[in-house]
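The shown structure was predicted, so the numbers you read here are calculated from the model rather than taken from an experiment.
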Amino acid sequence: QVRLVESGGGLVQAGGSLRLSCVASGRPFNTYRMAWFRQAPGKERAFVASITWSAGSGLYADSVKGRFIISRDYAKNTVYLQMNSLEPEDTAGYYCAADEGRIRTDYYNTQIYKYWGQGTQVTVSS
């Protein structure tokens, strides 16, 4: 089956940057729709960013727009999330999500993604 492995999380001070990576295996990578979600304790899992399989353009939640950038490297079967100007409110577990098929209009919905990574923790101190 498809496996997703995230990495790159850690502890940073407010205003700092991190780059998360998600490596996909098991199926043709360029046929996946892929996204990043995050979940803080006691809160629902929330959409962060998604990327198209063709043009590679990104879609972002309003809370991260202008600060985060999603990208992909087909040769390495990897999707990245560059996070800049981090704030304490960004503290959460970050999860990579994927499923077969093109990006959908409801790309922000957790239910349209079949495969999930185990997450990587991002903690931002004030």
List the steps, then state whether side chain to side chain contact (heavy atoms under 4.5 Å, CB included) holds for Arg72 with Thr78. CA-CA 6 Å; Arg72 68 195 308 167; Thr78 302; over 6 Å; no
Take Leu59 and Ile51, measure what side chain to side chain contact (heavy atoms under 4.5 Å, CB included) needs, and give me the verdict at the end. CA-CA 6 Å; Leu59 298 167; Ile51 192 165; over 6 Å; no
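Residue pairs meeting the side-chain hydrogen bond (donor to acceptor under 3.5 Å, both in side chains) criterion with at least one member in residues 4-23, sequence neighbours excluded, are Ser17-Asn84. Residue pairs meeting the disulfide (SG to SG under 2.5 Å) criterion with at least one partner in residues 84-126, sequence neighbours excluded, are Cys22-Cys96. Sorted by first and then second residue, the ring pair (Phe, Tyr, Trp, His ring centres under 6.0 Å) pairs with a member in residues 76-107 read Phe47-Tyr107; sequence neighbours excluded.
Among the candidates Ile69, Thr120, Val48, the single residue satisfying the side-chain contact (heavy atoms from CB on, under 4.5 Å) test with Leu81 is Val48.
Between Ala24 and Leu4, the shortest heavy-atom distance links the atoms CB-CD2, 3.6 Å. When all heavy atoms of Ala92 and Ala40 are compared, the closest pair comes out as CB-N, 3.9 Å. The two residues Val64 and Tyr60 have their closest heavy-atom pair at CG2-CB, 4.2 Å.
With hydrogens and angles ignored, the 3.5 Å screen pairs a side-chain donor or acceptor of Arg33 with a backbone N or O of Ile112. Under a 3.5 Å cut-off, the side chain of Asp99 and the backbone N or O of Lys114 do form a donor-acceptor pair. No donor-acceptor pair closer than 3.5 Å links the side chain of Thr91 to the backbone N or O of Thr123.
With sequence neighbours excluded, no residue forms a side-chain hydrogen bond (donor to acceptor under 3.5 Å, both in side chains) with Gln118. Asp90 pairs by the salt bridge (charged side-chain N to carboxylate O under 4.0 Å, His left out) definition with Arg38, Arg67, not counting sequence neighbours. Residues passing the side-chain contact (heavy atoms from CB on, under 4.5 Å) test with Asp62 are Lys65, sequence neighbours excluded. Under the side-chain contact (heavy atoms from CB on, under 4.5 Å) criterion, Ala46 pairs with no residue at all, not counting sequence neighbours. The salt bridge (charged side-chain N to carboxylate O under 4.0 Å, His left out) test applied to Arg104 returns Asp106, not counting sequence neighbours.
Distance check: Asn77 CG to Met34 CE gives 9.0 Å after rounding to the nearest 0.5 Å.
Taking 4.5 Å as the limit, every side-chain heavy atom of Phe68 sits out of range of all side-chain heavy atoms of Ser63. Contact annotation: the side chain of Glu87 never approaches that of Val124 to less than 4.5 Å [non-hydrogen atoms, C-beta and beyond].
If you look at Tyr115 and Tyr32, their ring centroids are not closer than 6.0 Å. Aromatic rings of Trp116 and Phe37 (six-membered ring for Trp) have centroids within the 6.0 Å cut-off, being under it.
Linking ILVMFWY residues whenever their side-chain heavy atoms come closer than 4.5 Å, directly or via other members, places Met83 and Val12 in the same cluster.
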